[in-house]
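By convention in this document, chain letters (A, B, ...) are assigned in the order of the sequence lines, proteins followed by strands, and residues within each chain are numbered from 1.
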Protein chains: 2
Amino acid sequence: MHGSAESIRVLFRSRGLRCTRQREAVYAALAASRSHPTADELLSGVGGDDPELSLATVYNTLDALCECGLARRVPSESGGPCRFDADTSHHAHVVMPDGAVVDVPEDLSRAILSGVPADPLSELCRRLGVKVDRVSVRIHARPSPSP
Amino acid sequence: MHGSAESIRVLFRSRGLRCTRQREAVYAALAASRSHPTADELLSGVGGDDPELSLATVYNTLDALCECGLARRVPSESGGPCRFDADTSHHAHVVMPDGAVVDVPEDLSRAILSGVPADPLSELCRRLGVKVDRVSVRIHARPSPSP
DNA sequence: GTACGTGCAAAATGTTTGCATCATT
DNA sequence: AATGATGCAAACATTTTGCACGTAC
């Protein structure tokens with residue numbers, strides 16, 4: 001787990017991030033959450049424990065975390081507020097009609113992502129003159145009617 | 001092609017969309033573009049031909065187009081302005097570090113998307129109690145250094 | 001002690017809305 | 001003629017920034 005104050009400290013240090021009370025709280029909340037929270041949700045979630053936190057700092061912190069690879073912005077087409085994820089492992093997302101984002105369990109993510117064939121990707125690189133960094137899969141789904 | 005005024009008229013009518021000069025211009029510009037333009041870019045692009053167009057109308061029109069399936073919002077993690085695509089066929093996107101979005105050519109899109117294995121997807125549906133609408137693949141890439 | 005992070009408030013950016021007017025059906 | 005779209009401007013929401021102060025290193 002990455003939730004303890006000490007491991008966060010170590011983690012930050014390893015990325016050259018200064019460790020402040022606020023950053024620690026934001027990262028802990030983000031890492032503990034499964035719901036890909038927005039900056040605002042993180043502020044409220046943390047607010048109870050530590051009222052000494054401003055929205056601007058949440059944004060600044062999230063920027064810093066994304067910058068150094070400790071978090072990711074979750075892609076969205078909603079135009080609404082940006083969502084964040086502290087799980088930077090290679091996994092797929094399920095997107096619900098209301099914009100909620102759920103992680104695909106690790107075993108299924110692996111199966112889905114490794115199914116993406118390599119040949120068309122290298123052909124793509126050749127044609128477009130690019131180098132692939134990462135392939136991201138989003139599954140648009142809706143609640144299935146209960147039987 | 002869907003670029004002629006007459007085919008746009010027919011297309012709109014088939015979706016129950018009232019056809020105005022402004023909507024026609026926005027849709028024609030969007031359909032002609034390969035660059036997944038923003039509302040603002042569409043306004044400038046069309047502005048030359050037809051100054052009688054406001055940004056609010058571009059947004060309203062894009063809403064209407066997305067609503068009725070004639071366009072799509074392109075997912076992004078940039079927080080910048082929303083990008084749109086009149087190509088609603090099932091295709092993958094290449095996302096460059098600067099946020100630019102390029103279509104994956106149709107043959108490669110097909111190869112990539114059909115490579116996504118069905119079994120993990122149905123397992124996912126079972127576990128999460130959802131129904132899959134669509135699978136979307138985004139390829140993060142960067143310009144490859146010229147040899 | 002210095003460099004950098006923080007809070008606050010204001011600005012910048014992107015998108016939506018209210019309303020009088022105008023165009024499509 | 002009636003319904004719905006437009007333009008404009010103002011409201012709204014999200015994110016960024018400037019600056020005085022505070023804190024980690």
Side-chain angles (χ1 to χ4, degrees), chain A residues 5-6 8-29 36-44 46-47 49-68 70-71 73-84 99, chain B residues 5-6 8-29 36-44 46-47 49-68 70-71 73-84 99:
Chain A
E6 199 40 40
I8 290 179
R9 218 161 256 289
V10 171
L11 198 58
F12 278 19
R13 182 168 283 240
S14 76
R15 307 283 179 138
L17 273 194
R18 211 176 261 212
C19 183
T20 65
R21 194 165 30 88
Q22 292 89 341
R23 286 180 170 188
E24 193 178 303
V26 168
Y27 181 77
H36 310 89
T38 64
D40 209 67
E41 289 165 354
L42 285 168
L43 180 63
S44 335
V46 166
D49 303 348
D50 180 357
E52 304 271 318
L53 178 63
S54 76
L55 186 56
T57 294
V58 175
Y59 274 109
N60 287 336
T61 298
L62 289 169
D63 270 4
L65 291 174
C66 291
E67 195 74 24
C68 77
L70 285 181
R73 278 170 232 271
V74 175
S76 126
E77 56 232 31
S78 75
C82 197
R83 298 190 161 275
F84 294 85
Chain B
E6 199 38 39
I8 290 180
R9 219 159 255 288
V10 171
L11 198 58
F12 278 19
R13 181 169 284 243
S14 77
R15 308 283 178 137
L17 272 195
R18 212 178 256 212
C19 183
T20 65
R21 195 165 28 86
Q22 292 89 341
R23 286 181 170 188
E24 192 177 304
V26 169
Y27 181 77
H36 310 90
T38 64
D40 209 67
E41 288 165 355
L42 285 168
L43 181 64
S44 335
V46 167
D49 303 348
D50 179 359
E52 304 273 316
L53 178 62
S54 74
L55 186 55
T57 295
V58 176
Y59 274 110
N60 288 337
T61 298
L62 289 169
D63 270 2
L65 291 174
C66 290
E67 195 73 24
C68 77
L70 285 180
R73 279 169 230 273
V74 176
S76 126
E77 55 230 34
S78 73
C82 196
R83 298 191 160 274
F84 296 84

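- Between S54(A) and the phosphate of dC8(C), there is no side-chain N or O to OP1/OP2 separation shorter than 4.0 Å.
- Distance, D63(A) CG to dC4(C) P: 17 Å, rounded to whole Å.
- Straight-line distance from the CG atom of L65(B) to the P atom of dA5(D): 12 Å, rounded to whole Å.
- In this structure, the side chain of R23(B) engages the main chain of R18(B) through a donor-acceptor pair within 3.5 Å.
- Checking dA5(D), dG7(C), dT17(C) against every side-chain atom of R23(B), the shortest atom distance belongs to dA5(D).
- Although no hydrogens or angles enter the test, the distance criterion places a donor-acceptor pair under 3.5 Å between the side chain of R83(B) and the main chain of H36(B).
- Nucleic acid contact class of D40(A) (heavy atoms, under 4.0 Å, all strands): none.
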### Task
Test side-chain contact (heavy atoms from CB on, under 4.5 Å) on D40(B) and Y59(B) and set out the steps.
CA-CA 9 Å; D40(B) 209 67; Y59(B) 274 110; over 6 Å; no
### Query
Checking side-chain contact (heavy atoms from CB on, under 4.5 Å) for the pair T20(A)/T61(A): CA distance, chi angles, key distance, verdict?
CA-CA 10 Å; T20(A) 65; T61(A) 298; 5.9 Å; no
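- The distance between atom CZ of F12(B) and atom C1' of dA23(C), rounded to the nearest whole Å, is 15 Å.
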### Message
Within the 4.0 Å limit for protein heavy atoms, which parts of nucleotides 19-25 of chain D are touched? Write it as a string from 5' to 3', B for base, S for sugar-phosphate only, - for none.
### Response
-----BS
### Query
Going through the checks in order, is the side-chain contact (heavy atoms from CB on, under 4.5 Å) test met by L53(A) and V26(A)?
CA-CA 9 Å; L53(A) 178 63; V26(A) 168; 4.1 Å; yes
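- We find the CG-CZ distance between L42(A) and F84(A) to be 8.0 Å, quoted to the nearest 0.5 Å.
- For the OP1/OP2 pair of dG7(D) and a distance below 4.0 Å, the side-chain nitrogens and oxygens of Q22(B) include at least one atom meeting the criterion.
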### Residues E24(A), C19(A); criterion side-chain contact (heavy atoms from CB on, under 4.5 Å); working and verdict
CA-CA 7 Å; E24(A) 193 178 303; C19(A) 183; 3.6 Å; yes
### Query
In the 5'-to-3' direction, what one-character label does each nucleotide of nucleotides 9-15 of chain C receive under the scheme B = base within less than 4.0 Å of a protein heavy atom, S = sugar-phosphate only, - = no such atom?
B----SB
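- Spacing between atom CG of N60(B) and atom P of dG7(D) amounts to 10 Å, rounded to whole angstrom units.
- Counting to the nearest Å, the P atom of dT24(C) and the CD atom of E52(B) are 12 Å from each other.
- Put simply, CG on L70(B) and CG on L62(B) are 11.5 Å apart, with the number rounded to the nearest 0.5 Å.
- T57(B) has no side-chain polar atom (N or O) that falls below the 4.0 Å cut-off from OP1 or OP2 of dA5(D).
- Under a 4.0 Å N-O distance rule, the pair E67(A)/R15(A) does not qualify as a salt bridge.
- When rounded to the nearest whole Å, the span between CG of L62(B) and P of dT6(D) equals 11 Å.
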